[in-house]
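Below is one structure; the comments refer to it alone.
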Amino acid sequence: MTPKTTAAFSRQRLAKRVSEMGRAISRDYAGRTIDVVVMLENSFLFAGDLVREISRPVICHFVRSQMRDVRMGGYERREIFFSAPPTIRGRDVLVVDAVLNTGVTQDFLLKRIEEGRPRSLRLAVLFDKPEARKVDLQPAYTGFAAASKEWVGYGLSGKGGLDRNLPYVTVKGKRLRSDGQRRKSGARRASRG
């Protein structure tokens with residue numbers, strides 16, 4: 001039997017903070033339409049909840065990053081590729097991501113979006129880990145300043161993409177016992193049919 005652990009960020013705590021962020025964004029963008037650019041894949045649940053809390057008109061766009069290591073001239077380097085960014089000239093753009101660690105990926109995307117000449121460009125993140133930062137980047141909106149732990153739940157995936165559906169956020173490998181028990185009983189019921 002595994003020991004019972006507690007969620008680092010409960011469903012209620014997440015909902016309260018996301019609602020507060022939505023109100024702040026609504027206030028800051030008063031009278032304007034917001035082009036929200038969601039970085040997939042970890043951000044989909046956070047972004048969905050966040051845009052529902054924004055009381056301004058919102059247009060959603062989705063980008064996916066892909067990283068690969070390439071060898072050039074005897075050196076190995078990491079390259080970041082994004083799906084095509086939206087056309088945003090003269091528009092108010094809010095990039096949404098779940099976790100800001102080193103900031104390299106977000107910084108790269110923000111610079112790419114800036115090339116399209118938006119009227120404004122801001123970043124909103126659920127978790128900010130400033131001690132891991134490798135670039136000079138500060139989000140305009142932050143849910144929580146967090147330690148450099150590997151989180152799962154609320155869209156953040158564990159091994160093999162598991163645990164994104166957990167309604168809370170916990171440290172990787174620390175699934176709540178009651179959640180695991182519900183999942184097992186649900187699996188048995190599903191197999192009877």
Give the minimum heavy-atom separation between [X] and [Y], together with the two atoms involved.
{"X": "Pro86", "Y": "Val37", "result": "CG-CG2, 4.0 Å"}
{"X": "Leu50", "Y": "Gly22", "result": "CD1-N, 3.8 Å"}
{"X": "Leu100", "Y": "Pro139", "result": "CD2-CD, 3.6 Å"}
{"X": "Ile113", "Y": "Pro118", "result": "O-CD, 3.5 Å"}
{"X": "Ser120", "Y": "Tyr29", "result": "OG-CE2, 4.1 Å"}
{"X": "Leu14", "Y": "Tyr168", "result": "CD1-CA, 4.1 Å"}

Self-check item: SB check Arg23 Glu53 (cutoff 4.0 Å)
Solution: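 No salt bridge links Arg23 with Glu53.
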Exercise. Would you mind checking if Glu115 and Lys111 are paired as a salt bridge, meaning a charged N to carboxylate O distance below 4.0 Å?
Key: no
Checking [X] now: which residues fulfil side chain to side chain contact (heavy atoms under 4.5 Å, CB included) with it, not counting sequence neighbours?
{"X": "Ser55", "result": "Ser26"}
{"X": "Pro130", "result": "Asp128, Arg133"}
{"X": "Arg13", "result": "Phe9, Ser10, Phe144"}

Self-check item: Side-chain donor-acceptor contact under 3.5 Å, Tyr154 with Asp49
Solution: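 Yes, side-chain donor-acceptor contact under 3.5 Å.
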For residues [X] and [Y], determine if any side-chain heavy atom of one lies less than 4.5 Å from a side-chain heavy atom of the other.
{"X": "Val95", "Y": "Leu121", "result": "yes"}
{"X": "Val99", "Y": "Val125", "result": "no"}
{"X": "Asp28", "Y": "Tyr141", "result": "yes"}
{"X": "Val38", "Y": "Val63", "result": "no"}
{"X": "Glu41", "Y": "Phe62", "result": "no"}

Excluding sequence neighbours, so at least two apart, what forms salt bridge (Lys or Arg N to Asp or Glu O under 4.0 Å) with [X]?
{"X": "Asp97", "result": "none"}
{"X": "Glu131", "result": "none"}
{"X": "Asp92", "result": "Arg32, Arg119"}

Self-check item: Main-chain N/O of Gly116 paired to Arg89 side chain as donor or acceptor, under 3.5 Å
Solution: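 Not a single qualifying donor-acceptor pair exists.
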Exercise. Ignoring hydrogens and angles, tell me if any N or O in the side chain of Ser43 forms a donor-acceptor pair with the backbone of Ala98 under 3.5 Å.
Key: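 It does hold such a pair.
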Quiz item: With the 4.5 Å side-chain cut-off for hydrophobic clustering, are Val51 and Ile59 part of the same group?
Solution: no
